**Q** 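Before I ask anything, let me first share the structure, which is written out below as structure tokens.
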Amino acid sequence: MQKIEHIGIAVKDIAESNLLFAKLLNTAHYKMEEVESEGVITSFFQVGDVKIELLQATHESSPIHSFVEKKGEGVHHIAFAVEDVDAELKRLKSEGFEAIHQKAKDGADGKVIAFLHPKSTNRVLTEICSDKHVTK
Ligand code: ZN
């Protein structure tokens, strides 16, 4: 893994949280994007070399909806940049980690992504991601 790419934070109302995090981080979000396959609207803040990704559910079967219902708002996942998501998934599975996605899928912000199951990672929901163009 290369570095922490972003930290995902689940929120109830992304418009309200955009204002809150703009004050907290002293910078405005630079984009918002809906990821239909995950049932979320996202917004991104740049903090130095790392991004903060806010996630709000768009419907009740979204994983973010059930997370917020169960645990409330807060840190949802940590995303690590990798060179090749599929190759890294293969390595992680061979080390015994359980993948939620069996291959790289399109994510927000020009990335391909995959998630590991938190029960295999000390309950830390872990995402790996890479830029779309470098993935075969
Ligand atoms: Zn993410």
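Hydrogens, waters and symmetry mates play no part in the numbers below; they use all other heavy atoms, side chains included. Quick caveat, the model's predicted, so the values are computed rather than measured. One-based numbering, in listed order, for ligands and for the atoms of each.
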**Q** NE2 (H77) to the Zn ion (ligand 1) to OE1 (E53): angle, nearest 10 degrees?
**A** 90°
**Q** Quick one: pull up CD1 in I9 and CG in L20 and give me the separation to the nearest 0.5 Å.
**A** 9.5 Å
**Q** So, H6 and the Zn ion (ligand 1): N/O/S under 2.8 Å, yes or no?
**A** yes
**Q** Can you check whether H76 and F67 have ring centres sitting under 6.0 Å from each other?
**A** yes
**Q** Which heavy-atom pair separates V85 from A104 by the least distance, and what is that distance?
**A** CG1-CB, 3.7 Å
**Q** Do any N/O/S atoms of C129 come under 2.8 Å of the Zn ion (ligand 1)?
**A** no
**Q** Is the distance from the Zn ion (ligand 1) to some N, O or S atom of E127 under 2.8 Å?
**A** yes
**Q** Verify whether the ring centers belonging to F115 and H101 lie closer than 6.0 Å.
**A** yes
